[in-house]
Amino acid sequence: IVAAKLGELINSATVRNRCQEIADRAKSMDPLTAACDLIEGCIQTNKLADAIATEPDQTDWHPAISQQDSKADVRSSDEARGQGKRKLKILLTSKQTYIPTLSGAIKADRQLLEGLADRRHACRAIMLKRAAATPDERPGFLTELSARGMGLSASSLGMDIFHHNGVEVRAFGDAHRLCSELANQIHQFEPD
C-alpha cells in the first residue's frame with residue numbers, strides 16, 4: 001500500500017509542478033536577508049511600542065505605533081523623526097566554538113550574527129575556545145585563529161577577544177567562566 005501511494009505521488013504531474021514552484025521560489029529567496037529583516041523588524045517594533053507606552057509625551061512624531069505595525073512603518077516613523085534606523089545590540093552565547101564552527105546550528109547562528117553585524121548592529125558572541133576541554137586549550141585556539149589569518153584583540157583572565165566579520169567574540173576555556181561573563185555582558189552591554 002505504501003509503495004503504491006508513493007508511486008502515485010512520484011508520478012503525479014500536479015505534485016511535480018507544485019514541487020517545482022516551491023523550488024523556484026526558494027531559489028529566489030535570500031534566507032539570511034529575510035532573517036535579518038525579521039529580527040530587525042520584531043525588535044524595532046517592540047522597542048518603539050514600549051517607548052510609546054512608557055513615554056507618551058515624547059511621541060509627537062506619530063500618534064501611536066502598535067506591535068502589529070509592519071517593519072516599513074517602523075522605519076518610516078524613525079525616518080520621520082530624523083533618527084534613521086536604531087542600531088541593535090545582539091549577544092549570542094553558546095558552549096560551542098565560534099571558530100572553528102563545528103555544527104550546523106552554530107554555523108547558522110554565526111551567519112545570522114555576522115549578517116546583522118554587516119548591517120552595522122553591535123554584535124558580540126560569548127563562546128568556548130575549544131570544543132573539548134584540554135589542560136591548556138589556548139595554543140590550539142591560537143593556531144585555529146592564525147590559520148584563518150586572525151589574531152587576538154585583547155586577553156585577560158582566561159578570556160581572549162577577537163573580531164571576525166564585524167562580530168566581537170569573547171572566548172573562554174572554561175564553561176563556568178563563560179557563564180559569569182554572560183551575566184556581566186547582559187549587565188554592561190545591555191543587549192536587545
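Atoms considered below: every heavy atom in the structure, side chains included; atoms not considered: hydrogens, waters and symmetry mates.
Residues Leu178 and Thr93 meet the side-chain proximity criterion, which asks for heavy atoms closer than 4.5 Å. The shortest distance between side-chain heavy atoms of Val169 and Asp160 does not fall below 4.5 Å. By the 4.5 Å heavy-atom criterion applied to side chains, Arg170 and Ser153 are not counted as neighbours. The closest side-chain heavy-atom distance from Leu113 to Ile90 is below 4.5 Å. The shortest side-chain heavy-atom distance between Leu145 and Leu152 falls under the 4.5 Å cut-off. Using a 4.5 Å heavy-atom threshold, the side chains of Val15 and Glu8 count as separate. With a 4.5 Å cut-off on side-chain heavy atoms, Arg119 and Cys36 count as touching.
In this structure, CE in Met159 is found 9.5 Å from OG in Ser180, a value given to the nearest 0.5 Å. In this structure, CG in Asp192 is found 11.0 Å from CD in Glu40, a value given to the nearest 0.5 Å. Residue Leu128 holds its CG atom at 14.5 Å from OH of Tyr98, rounded to the nearest 0.5 Å. If you take OG1 on Thr101 and CG on Asp109, they are separated by 10.0 Å, rounding to the nearest 0.5 Å. Taking CG of Asp37 as the start and OG1 of Thr33 as the end, the distance is 6.5 Å to the nearest 0.5 Å.
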Given the rule in the side chain to side chain contact (heavy atoms under 4.5 Å, CB included) test, do Leu92 and Ile126 qualify, once you have shown the distances and angles that lead to the verdict?
-> CA-CA 6 Å; Leu92 168 71; Ile126 300 172; over 6 Å; no
For side chain to side chain donor-acceptor pair (under 3.5 Å), just list the numbers for Ser155 and Arg138, CA-CA rounded to whole Å, side-chain angles, deciding distance to a tenth of an Å, and then say yes or no.
-> CA-CA 11 Å; Ser155 291; Arg138 197 161 192 258; 3.1 Å; yes
Passes side chain to side chain contact (heavy atoms under 4.5 Å, CB included), Leu116 versus Ile39? Steps please.
-> CA-CA 9 Å; Leu116 290 164; Ile39 289 170; 4.2 Å; yes
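Residues Glu114 and Val167 come closest through the heavy atom pair CG-CG2, 3.7 Å. Of all heavy-atom pairs between Asn11 and Arg16, the closest is O-NH2, 3.9 Å. Residues Arg177 and Ser156 approach most closely at NH2-O, 4.2 Å, considering heavy atoms. Considering all non-hydrogen atoms of both residues, Glu168 and Ile161 come closest at CG-CG2, 3.7 Å. Taking every heavy atom of both residues into account, Ala35 and Leu112 meet most closely at CB-CD1, 3.7 Å. Closest heavy-atom contact between Leu88 and His121: N-ND1, 2.9 Å.
Remark: side-chain polar atoms of Thr143 are paired, donor with acceptor, to backbone N or O of Pro139 under 3.5 angstrom. A donor-acceptor contact shorter than 3.5 Å is absent between the side chain of Lys89 and the backbone of Arg124.
For the ring pair (Phe, Tyr, Trp, His ring centres under 6.0 Å) condition, the pairs that include at least one residue of residues 141-182, sequence neighbours left out, are Phe141-Phe162.
The number of heavy-atom neighbours closer than 6.0 Å to CZ of Arg148, taken from other residues, nucleotides and ligands shown, is above 12.
Defined by atom type and a distance below 3.5 Å, a donor-acceptor pair is present between the side-chain atoms of Gln20 and Asp24. Judged by distance alone, the side chains of Arg110 and Ser94 never bring a donor and an acceptor atom under 3.5 Å apart.
Between Asp174 and Lys129 there is no salt bridge, since no side-chain N of the basic residue sits under 4.0 Å from a carboxylate O of the acidic one.
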